[in-house]
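As a basis for the values below, the full set of heavy atoms in this structure was taken, side chains included, without hydrogen atoms, waters or symmetry mates.
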Protein chains: 2
Amino acid sequence: MTSKVLPQPERDEIRVDAVLQALGEPVRLTIVRALAENPAGVCCGDIELPVTASTRAHHLKTLREAGVLSTHTDGTRRISILRREDLDALYPGLLTGILSAKQ
Amino acid sequence: MTSKVLPQPERDEIRVDAVLQALGEPVRLTIVRALAENPAGVCCGDIELPVTASTRAHHLKTLREAGVLSTHTDGTRRISILRREDLDALYPGLLTGILSAKQ
DNA sequence: TCAGTAGTTCGATCGTCATCGTACTACGAT
DNA sequence: ATCGTAGTACGATGACGATCGAACTACTGA
């Protein structure tokens, strides 16, 4: 059983600037929407994105370092989970508002 | 009485990407917070910002074009107002969530 | 009319970042 | 062991954007 959680900010280290900047990018917003639909977590590579693997990794790192998502290993896979509890506690309504957008 | 509303997107033209990107910048977030505290509107130059007038104008334009705020002239002054009604209708909870951030 | 004030626009600069290909690491299966 | 797969790290590149100063516009008041 080799499961490790990748480094991420604690709840009180999350900055709203960083969160909003992370969310203000189309590809990353797509990732967040996919995670929101799968509260159990999503394997990175399973999200359809119009970018290469390295760019995908870059965006996932950005989101993780901003505190938007959490990633843990599962064999060779990396499972990402939206940090909904933390974000809702810090910015109640923010995620709901964003996810309710039509587009 | 010379009062004109500067060009801005209609409600249905507002894109969540653009809004989030606009909000994901410290100076612009400061502006939004100032506007939130003054629902009647704020004169651009009255917001204390660590940037020059031209940079301030740039940020205000960005926020206006993203649909975050509305600006109308009042003599030589420009009054900016947060488009809270539109944003709340499109992304309920988003503004509240952001503004509830401690920092 | 003329000067002053509020604000924008333009052009330049510089930093950040989205993107890619390549090389690398880690794990599982054979 | 070694091969394949999942994903990251690195370095380069190109685009975008935050910033500034200077020139410009628009309005007010003397």
Side-chain angles (χ1 to χ4, degrees), chain A residues 1-8 15 17-35 38 41-81, chain B residues 1-8 15-32 34-35 38 41-81:
Chain A
M1 224 289 287
T2 50
S3 182
K4 266 174 55 174
V5 177
L6 273 60
Q8 64 180 34
R15 293 172 306 120
D17 298 62
V19 171
L20 290 171
Q21 191 174 354
L23 295 174
E25 206 282 334
V27 174
R28 290 197 287 260
L29 202 48
T30 304
I31 295 174
V32 170
R33 289 213 180 91
L35 295 188
N38 299 274
V42 172
C43 172
C44 307
D46 291 351
I47 308 172
E48 269 193 45
L49 294 174
V51 293
T52 65
S54 60
T55 303
R56 175 194 311 260
H58 162 67
H59 285 310
L60 286 167
K61 185 180 183 183
T62 302
L63 287 167
R64 193 181 67 243
E65 290 179 345
V68 176
L69 57 82
S70 182
T71 303
H72 66 268
T73 61
D74 174 33
T76 69
R77 305 287 180 94
R78 306 261 164 133
I79 307 298
S80 290
I81 300 179
Chain B
M1 224 289 288
T2 50
S3 182
K4 267 173 55 173
V5 176
L6 273 60
Q8 64 180 33
R15 293 173 306 119
V16 67
D17 298 61
V19 172
L20 290 171
Q21 192 173 353
L23 295 174
E25 207 283 334
V27 175
R28 290 197 287 261
L29 202 49
T30 303
I31 295 174
V32 169
L35 295 187
N38 299 275
V42 171
C43 173
C44 307
D46 291 351
I47 308 173
E48 270 193 46
L49 294 174
V51 294
T52 65
S54 60
T55 303
R56 176 194 310 260
H58 163 67
H59 285 309
L60 286 167
K61 186 180 182 183
T62 301
L63 287 167
R64 194 181 66 245
E65 290 179 345
V68 176
L69 57 81
S70 181
T71 304
H72 66 268
T73 61
D74 173 32
T76 69
R77 307 286 180 94
R78 307 261 165 132
I79 308 297
S80 291
I81 301 178

Legend entry - Note, A/Val68 side chain near A/Val19 side chain (heavy atom, < 4.5 Å): yes
Inset, instruction - Report yes if the side chains of A/Ile47 and A/Arg56 come closer than 4.5 Å at any heavy-atom pair, otherwise no. - result: yes
Inset, instruction - From the options D/dT19, D/dC10, D/dC20, select the nucleotide whose nearest atom is closest to the side chain of A/Ser54. - result: D/dC10
Results of side chain to side chain contact (heavy atoms under 4.5 Å, CB included) for [X] - residues two or more places apart only:
| X | answer |
| --- | --- |
| A/Thr76 | none |
| B/Thr71 | B/Leu6, B/Arg64, B/Leu69, B/Arg78, B/Ser80 |
| B/Ser54 | B/Thr52 |
| B/Ala57 | none |

Between [X] and [N], does any side-chain N or O lie under 4.0 Å from OP1 or OP2?
| X | N | value |
| --- | --- | --- |
| A/Thr52 | C/dT19 | no |
| B/Thr55 | D/dC20 | yes |
| B/His58 | D/dC20 | no |

Out of curiosity, [X] [atom1] to [Y] [atom2], how far, rounded to the nearest 0.5 Å?
| X | Y | atom1 | atom2 | answer |
| --- | --- | --- | --- | --- |
| A/Arg33 | A/Leu35 | CZ | CG | 12.0 Å |
| A/Glu25 | B/Asp17 | CD | CG | 8.0 Å |
| B/Ile81 | B/Asn38 | CD1 | CG | 10.5 Å |

Inset, instruction - Can you sort out the partners of A/Gln8 under side chain to side chain donor-acceptor pair (under 3.5 Å), two or more places apart, ordered by chain and number? - result: A/Ser70
Legend entry - Partner residues of A/His59 under the side chain to side chain donor-acceptor pair (under 3.5 Å) criterion, sequence neighbours left out: A/Arg28
Inset, instruction - Under 4.0 Å from any atom of DNA chain D, heavy atoms only: list the residues of residues 61-68 of chain B that qualify, in numerical order. - result: none
Atom pair distance, as rounded to whole Å: [atom1] in [X] and [atom2] in [N]:
| X | N | atom1 | atom2 | result |
| --- | --- | --- | --- | --- |
| B/His72 | D/dC27 | NE2 | C1' | 15 Å |
| B/Arg56 | D/dC20 | CZ | P | 11 Å |
| A/Asp17 | C/dC17 | CG | P | 12 Å |
| B/Leu49 | D/dC20 | CG | P | 11 Å |

Inset, instruction - Any chance you could list the contact pattern along nucleotides 1-7 of chain D? Use B for base contacts, S for sugar-phosphate-only contacts and - for none, protein heavy atoms under 4.0 Å, 5' to 3'. - result: -----SS
Inset, instruction - May I ask you to list the residues of residues 21-28 of chain B, by number, that have any heavy atom positioned under 4.0 Å from an atom of DNA chain C? - result: none
